[in-house]
Amino acid sequence: MPTERFQFTGEGGHQLAAALELPDGEPTAYALFAHCFTCGKDTLAAKRISVALAAKGIAVLRFDFTGLGSSEGDFANSTFSSNVADLVRAADHLRATQKAPAILIGHSLGGAAILAAAGRIPEAKAVATIAAPSDPAHVTGLFREHIDSIRKQGEVEVSLAGRPFRIKREFLDDIAEHELMKDVTGLHKALLVMHSPVDDTVGIDNATKIFLSAKHPKSFVSLDHADHLLSKPRDAAYAADVITAWASRYVEPAAPPNAMDLGEAPRVVVVQETRKSKFNQIISVGPHRLVADEPLAAGGEDAGPGPYDFLLAGLGACTSMTMRLYADRKSLPLERVTVTLKHSKIYAKDCEECETREGMLDQIDRVIALDGNLDAEQRKRLMEIADKCPVHRTLTSEIRIVTKAVE
């Protein structure tokens, strides 16, 4: 499975190193992963869970918080609030380049951060926490013997997991201000709380508090025998399996697959001249027979649709089928879809959003009528789904046509 590595600009203006785990095919959804305190995007738990989710069709973005891993900036100047802001920036980047995350996942303090950030990522439907503290200030227990010194001196170097980190008074002040349970109570998103009963870093009582504060829909899964960092591969794999199955109830379904996606052999289309007239063709698709021709104005006899008519028909049929599938899955009161299409040529200079600036361009106008007692939000979502039909994606992506002569 491919991994895209890149940078995006964090809240403080620093370049943050990110990795996007992609499935082999079209992602069914996008997820954003927040790692644990002083960890990084390439820790075992973060990477294993992200790769496992990608194997199940979910693309996952993970990144190093400011001053950690390969990201720019000074860790000493980061705070819980800045981490939350960077998560929102990461979601903004996904929204601009791919698709906004529908799933938010946070591990340890990253779980607390993802809960605080969830309200600022409107497209997110499902939030999953792993070994998350119910109060961000819980993390100060890792260096409790230095807290007085940090407050007196303003900044102190502490050792965390055998590595030196500088902690400032501002970090303590910021983390003390957050009332995470207010974020949990007002989450208004599906919540999955995952925690090990033997976690000796963040006790399971934290999971209990988060779960009781949240409103439904909410779920709790015990990570039996797992340690705080999910260091065993099977624990990370299990967490990924649970997240995938649970989130499938809340994320939008993918567009219907074509024959290739289903593993079925695509039907061969055979087009042959009939010689009845200049352009008359017989089209064979499995058991079906169609006639193609050109209109009288183009020198044909108009005995059947023209080549561009079939192209528009394919796009229109795919659009309507995709919208019907989505409406049925979501139990929307959609009674009928009518798609009207027209092909034309336009000057490239008249298209502001087109990359080509000279010559002529092909343009397809598609008008969709939706019959049924649908509200504005349902109509908006159905119109978004229209662009997800496989034929639309084929027409708007790079196409390779291989032509060979019969010996």
Side-chain angles (χ1 to χ4, degrees), residues 1-35 40-42 46-47 49-66 68-73 82-106 110 113-114 117-128 189 243-244 247 250-255 322 351-357 380-381 383-390 392-399:
M1 289 169 292
T3 302
E4 290 186 5
R5 294 188 179 272
F6 55 90
Q7 294 181 326
F8 67 93
T9 305
E11 182 70 12
H14 303 295
Q15 292 299 298
L16 304 184
L20 179 63
E21 296 291 346
L22 290 165
D24 290 330
E26 187 72 18
T28 57
Y30 284 82
L32 175 60
F33 188 99
H35 63 70
K41 69 180 185 304
D42 294 319
K47 188 168 185 178
I49 291 175
S50 298
V51 170
L53 287 171
K56 299 176 186 304
I58 299 174
V60 185
L61 173 63
R62 63 187 197 277
F63 68 96
D64 295 323
F65 284 119
T66 301
L68 295 173
S70 301
S71 287
E72 295 178 350
S82 70
N83 288 346
V84 171
D86 285 342
L87 284 168
V88 176
R89 285 293 189 105
D92 292 342
H93 180 85
L94 265 183
R95 185 184 299 108
T97 59
Q98 303 285 343
K99 185 179 180 181
I103 306 168
L104 306 178
I105 308 166
I114 214 77
R120 296 163 61 183
I121 306 174
E123 298 91 344
K125 307 297 183 186
V127 181
K189 302 177 190 292
I243 291 171
T244 303
Y250 306 106
V251 299
E252 303 292 357
T322 303
C351 180
E352 296 182 356
E353 66 269 22
C354 297
E355 294 181 2
T356 303
R357 306 310 306 165
K380 177 183 176 182
R381 186 57 187 147
M383 292 300 292
E384 293 172 350
I385 289 296
D387 288 346
K388 296 182 182 296
C389 93
H392 180 106
R393 290 180 173 178
T394 298
L395 291 174
T396 55
S397 63
E398 182 177 359
I399 301 174

Within the structure provided, determine whether [X] and [Y] are in side-chain contact (heavy-atom separation under 4.5 Å).
X	Y	result
P122	R95	yes
P101	I121	yes
L94	F8	no
K99	E123	no
L53	I103	no
D42	H35	no

Quick one: closest heavy-atom pair of [X] and [Y], and the distance?
X	Y	answer
R120	A85	NH2-CA, 4.3 Å
E21	S50	CG-CB, 3.8 Å
I114	A128	CG2-O, 4.4 Å
A90	L32	CB-CD1, 3.8 Å
A19	K41	N-CD, 4.1 Å
L20	A59	CD1-CB, 4.4 Å

Taking only residues two or more places apart in sequence, or in another chain, which ones meet [X] in a side chain to side chain contact (heavy atoms under 4.5 Å, CB included)?
X	answer
A118	L104, V127, L187, K189
Q7	Q15
T97	H93

Those residues that, when tested against T66, pass side-chain hydrogen bond (donor to acceptor under 3.5 Å, both in side chains) (two or more places apart)
D86
Test side-chain hydrogen bond (donor to acceptor under 3.5 Å, both in side chains) applied to E4 - qualifying residues, sequence neighbours left out:
none
Which residues satisfy the ring pair (Phe, Tyr, Trp, His ring centres under 6.0 Å) test with Y30, sequence neighbours excluded?
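With sequence neighbours excluded, Y30 shows a ring pair (Phe, Tyr, Trp, His ring centres under 6.0 Å) to no residue whatsoever.
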Once you measure the plane-to-plane angle for F65 and F63, does it fall in the parallel (<30°), tilted (30-60°) or perpendicular (>60°) bin?
perpendicular
Distance from D387 atom CG to T322 atom OG1, nearest 0.5 Å?
10.5 Å
Kindly say whether D64 contributes a backbone atom to a donor-acceptor pair with the side chain of S71 at under 3.5 angstrom?
yes
